[in-house]
Amino acid sequence: AYLFFVGKHTGTRPDWFSWFFAPALASALAGATSNLLIEYLKGAGCAVFTADGAGMILALIQYMTAIYVLSGGKKE
């Protein structure tokens, strides 16, 4: 409600894609692929700590890359 009030009085409109859809798509991609890597590494006999660490690193890299690509390469 507060965001609507501010937008109404300042004349600004939210950039739905940059603020909501791009981060949601990026996090879904990062979460799904890092989960696949974690399960693969656990099945291959890696330690849980190692598999989880590799999954977190992969998720972070993919999230940052997806946000950059979805923003069209512009830095805001």
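In what follows, every heavy atom counts, from backbone to side chain, and hydrogens, waters and symmetry copies are set aside. One-based numbering along the sequence shown. Just so you know, these numbers come straight off a predicted model, no measurement behind them.
Between Phe17 and Leu70, the closest side-chain pair of non-hydrogen atoms falls below 4.5 Å.
Across all non-hydrogen atoms, the minimal contact from Ile61 to Thr65 is O-OG1, 2.8 Å. The minimum heavy-atom distance linking Pro23 with Ser18 is given by the pair CD-O, 3.6 Å. Nearest heavy-atom pair, Gly55 versus Ser34, reported as atom, atom and distance to 0.1 Å: O-CB, 3.3 Å. Between Ala59 and Ala30, the shortest heavy-atom distance links the atoms O-CB, 3.5 Å.
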Would you be so kind as to tabulate the donor-acceptor pairs closer than 3.5 Å made by side chains of residues 37-50, with sequence neighbours excluded?
none

